[in-house]
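Data block below; observations after.
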Protein chains: 2
Amino acid sequence: MASMPTVTDVALAAGVSRQTVSNVMNSPGIVRADTRERVEAAIAQLGYRPHASARRLRTRRSSTIGIRLDPMIDGISGSVLDRFLHALTEQADKQGLRVLLFTATSPEDEIIQLQRLNDGADVDGFVLTSTFAGDPRTKWLIENKIAFVTFGRPWGADDVSDPQHLWVDVDGWAGLYEATRAAQDAGARRIGYIGWPSSADTGDDRRRGWHDAMRERGDVTEADLIALEAVTVDGVAEGTAAMQDLRRRAGPLDAVLCASDSLALGAMIANPERVPVTGYDNTPVAAAIGLSSVDQSVGEVAAGVLGLLTGEFGGQVHGAPESLQPRYQMIRPRLVTRAFAAIPMEMLV
Amino acid sequence: MASMPTVTDVALAAGVSRQTVSNVMNSPGIVRADTRERVEAAIAQLGYRPHASARRLRTRRSSTIGIRLDPMIDGISGSVLDRFLHALTEQADKQGLRVLLFTATSPEDEIIQLQRLNDGADVDGFVLTSTFAGDPRTKWLIENKIAFVTFGRPWGADDVSDPQHLWVDVDGWAGLYEATRAAQDAGARRIGYIGWPSSADTGDDRRRGWHDAMRERGDVTEADLIALEAVTVDGVAEGTAAMQDLRRRAGPLDAVLCASDSLALGAMIANPERVPVTGYDNTPVAAAIGLSSVDQSVGEVAAGVLGLLTGEFGGQVHGAPESLQPRYQMIRPRLVTRAFAAIPMEMLV
DNA sequence: AGAAACTATTTGATCGATCAAATAAAGTCA
DNA sequence: TGACTTTATTTGATCGATCAAATAGTTTCT
């Protein structure tokens, strides 16, 4: 294969200068129509493609976003990040952006990687996932004026409306509020909740959705509300145990909501009465066994992240005060309702 | 933040020339020890990082590998590719390689993307996953002399030992052979198999592993061997149905092996006798519910892929006949044995 | 018609690194 | 010692694109 043609080759073929060729690609508006057509024909004929590195060197833009690939913390729910990554890559591509992966062993190590990629001009900005309270990464990125957007709101003491920290997140509260309402509308009164210990902020958020909806309706007493809640760490076996616990303590249930699909899967195993169970994340497992679940619309999240990010490195420097756009975005999740069809429980007996 | 220092800045600080600085980074051997130390000190002191794009422009190497992010064809087993991607990124990083993602809607579209990334000098080579019979992608890559390695052997008419097609794959036959042997060693005689229709080559391979091991041992008659096999497309509900079918047709079973974890999960649902079930892929679901499974050692696969790929664009041009290294690598999977502890079946009754 | 104001296109310089070849320094040997 | 290697370092050119400023070509208006 002969080496790739360059702008000069195209310019020669079209009878114009290098810069005009460049203009046709980057600001077609300023080139006269007939000239543009001639250049475009030459580009097509020679099969010209701009050399990405040359362009990046000159423009000081890499058109690349860095994102850390997590080591599947929680097995089952890992697929959410996976889907997010896919959506991000797909949508980034449409805007001419590439997605570069990296891994890290700890938040501190991640900062080293962030610095490496940024200093080497490998990326224009980062997308961070799984934010947590006191996250050192966001602090570091802000201090170093590096563009980034997080999938996950600032937790704990960090300010949700800090103009320097752009974020997109899914409204876990709304997800569970809606799921609770849906169950109530279907006639359920005694709706249980299996959630995580309150050290995890994201779990508290979801729990409140259920709790608020239950209180608003007032179908059960305060004492019952306490009995209807089980707390456990994530996991299938844990979900099973929590479900047994719940049935023992709360008596008959009309429905059960869970903070994750893992818990929901577990709950469903100890569920002979076939009480409707709803999970969270709408993972493949939920789809496979016919479990209702709250779906984090990763497509919308990806779009939001990209919007904020390109606004960031497209426009002014980081944290420019004059930008009046919203600095964050809360996405409303979507409840996916499924019947229990996939598990013919009667066969088990 | 002041703009990043360049080689020239470092050279000035260390009192040497640009090229010496470059040599310290790329061929330290040819620089005198004391000079090297001086330069290294200057690099550290200034916090210098080479500009990736500048280097790539000059060297005509991107040190980047392109890989397509699949849209989770099969929900549950998608995590295998996910784990592979993670291992690949991690190991690539150690060799100074980056991993760039892309998406595509079809094999034809994928070829367009491959061309785009290659022509733009964005990547040095590709890693392809999920190969299939008559795969147009490998054909195209070979024709265009672009470096690539596939995770998955050439299927169908494609030649497994074609020196132009480098590949790494997991030996599904060995995986099921071993799983069968393990069951036999544990005293099982009547071992059932739930597999896929024979249109999928990868499924046939796994089935043969079970079939060969059963025949070698000769514990059951040929007629029984036929009764011990159920065929169905992938899915949890399908696994449940196949399991019922198997129990009806084959009578009592000592163990059941499945072509996937989805099928295994399904099989376990219709398994009141608690016959040991073994899946394939060792997905998080298997881990969560305590299912034995055949693990595709993605770490080894990633290492193999990288070895072949760097050998490819590190050394001679594609398909150079003088290379005597093996052109492919078959990885032996590993059987992960788990007890059924996670599912307390008695609770269901 | 001629100056002013645009619009379209070209030219020279530059981004930050490495290559290739030239030079300088050090070591070897008759 | 002087010619000859070998080793270490420097210099000028270059990768392929875009930027900034200069030039050529058009249109507008008095």
Side-chain angles (χ1 to χ4, degrees), chain A residues 2-40 42-43 46-64 96 116-124 314, chain B residues 2-40 42-43 46-64 96 116-122 124:
Chain A
S3 66
M4 292 300 295
T6 72
V7 264
T8 310
D9 297 323
V10 175
L12 225 60
V16 297
S17 70
R18 303 188 307 280
Q19 186 60 38
T20 300
V21 177
S22 172
N23 287 337
V24 168
M25 314 204 76
N26 301 303
S27 17
I30 69 166
V31 179
R32 214 173 45 206
D34 60 325
T35 314
R36 185 169 57 231
E37 279 162 29
R38 204 146 31 92
V39 172
E40 274 162 356
I43 288 176
L46 295 178
Y48 166 78
R49 306 271 175 175
H51 191 286
S53 295
R55 169 179 282 172
R56 293 207 267 263
L57 171 59
R58 183 68 248 232
T59 60
R60 313 181 129 287
R61 288 252 160 91
S62 67
S63 298
T64 303
R116 234 170 35 109
L117 291 171
N118 182 67
D119 289 353
D122 270 303
V123 302
D124 288 337
Chain B
S3 67
M4 291 300 295
T6 70
V7 267
T8 311
D9 297 323
V10 176
L12 226 59
V16 296
S17 70
R18 305 189 306 282
Q19 186 60 38
T20 300
V21 176
S22 172
N23 286 337
V24 167
M25 316 204 74
N26 302 303
S27 17
I30 68 167
V31 180
R32 215 174 45 207
D34 61 325
T35 315
R36 184 169 56 232
E37 279 163 28
R38 201 144 35 90
V39 172
E40 274 163 354
I43 289 176
L46 294 178
Y48 166 78
R49 306 271 176 175
H51 191 288
S53 293
R55 169 179 280 171
R56 293 207 266 264
L57 170 59
R58 185 66 250 228
T59 61
R60 314 181 129 288
R61 286 254 161 90
S62 66
S63 299
T64 303
R116 234 170 37 109
L117 291 172
N118 182 68
D119 289 355
D122 270 303
D124 288 336

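Per chain, numbering begins at 1; letters A, B, ... match sequence-line order.
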Position toward the 5' end of DNA chain D (nearest nucleotide), B/Arg58 or B/Asp34: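 By nearest-heavy-atom nucleotide position, the 5'-most residue is B/Asp34.
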Upstream residue (5' side of DNA chain D) when A/Gln19 and B/Thr35 are each assigned their closest nucleotide: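 Going by which nucleotide is closer to the 5' end, it is B/Thr35.
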Do the side-chain N or O atoms of [X] get closer than 4.0 angstrom to the phosphate oxygens (OP1, OP2) of [N]?
| X | N | value |
| --- | --- | --- |
| A/Asn26 | D/dT18 | yes |
| A/Ser17 | C/dT10 | yes |
| B/Ser53 | C/dG16 | no |
| B/Arg55 | C/dT18 | yes |
| B/Ser22 | C/dT18 | yes |

Touch class at under 4.0 angstrom, heavy-atom based, for A/Thr20 against every strand present: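 Base: the residue A/Thr20, judged by heavy atoms under 4.0 Å, touches a nucleobase.
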Sugar-phosphate, base or nothing in reach of A/Arg36, heavy atoms under 4.0 Å: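 If one applies the 4.0 Å heavy-atom cut-off, A/Arg36 turns out to touch nothing in the nucleic acid.
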Rounded to whole Å, how long is the line connecting atom [atom1] of [X] with atom [atom2] of [N]?
| X | N | atom1 | atom2 | value |
| --- | --- | --- | --- | --- |
| B/Ile30 | C/dT18 | CD1 | C1' | 12 Å |
| B/Asn23 | C/dA20 | CG | P | 13 Å |
| B/Arg61 | C/dG16 | CZ | P | 23 Å |
| A/Arg32 | D/dG25 | CZ | C1' | 9 Å |
| A/Arg56 | D/dA17 | CZ | P | 13 Å |
| B/Tyr48 | C/dT18 | OH | P | 6 Å |
| A/Asp122 | C/dG16 | CG | P | 15 Å |
| A/Leu46 | D/dG16 | CG | P | 14 Å |

Candidate nucleotides D/dT9, C/dA17, D/dG16, ranked by approach to the side chain of A/His51 - the nearest: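 Between D/dT9, C/dA17, D/dG16, the one nearest the side chain of A/His51 would be D/dG16.
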Nucleotide nearest B/Pro50 (side chain, heavy atoms from C-beta), chosen from C/dA17, D/dA17, C/dT9: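 Output: C/dA17.
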Give me the atom names and distance for the closest heavy-atom approach of [X] to [Y].
| X | Y | value |
| --- | --- | --- |
| B/Pro5 | B/Asp9 | CA-OD2, 3.2 Å |
| A/Ser53 | B/Leu57 | CB-N, 4.0 Å |
| A/Ser62 | A/Ala121 | CB-O, 3.5 Å |

Heavy-atom donor-acceptor pair, B/Arg38 side chain to B/Ala14 backbone, under 3.5 Å: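 Checked: pair present.
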Exam field: side chain B/Thr59 to backbone B/Arg55, donor-acceptor pair closer than 3.5 Å: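 Flag set: sc B/Thr59 to bb B/Arg55 pair under 3.5 Å.
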Any donor-acceptor N/O pair under 3.5 Å between C/dG12 base and A/Arg18 side chain: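 Counting by modelled atom types and ignoring angles, a donor-acceptor contact under 3.5 Å is found here.
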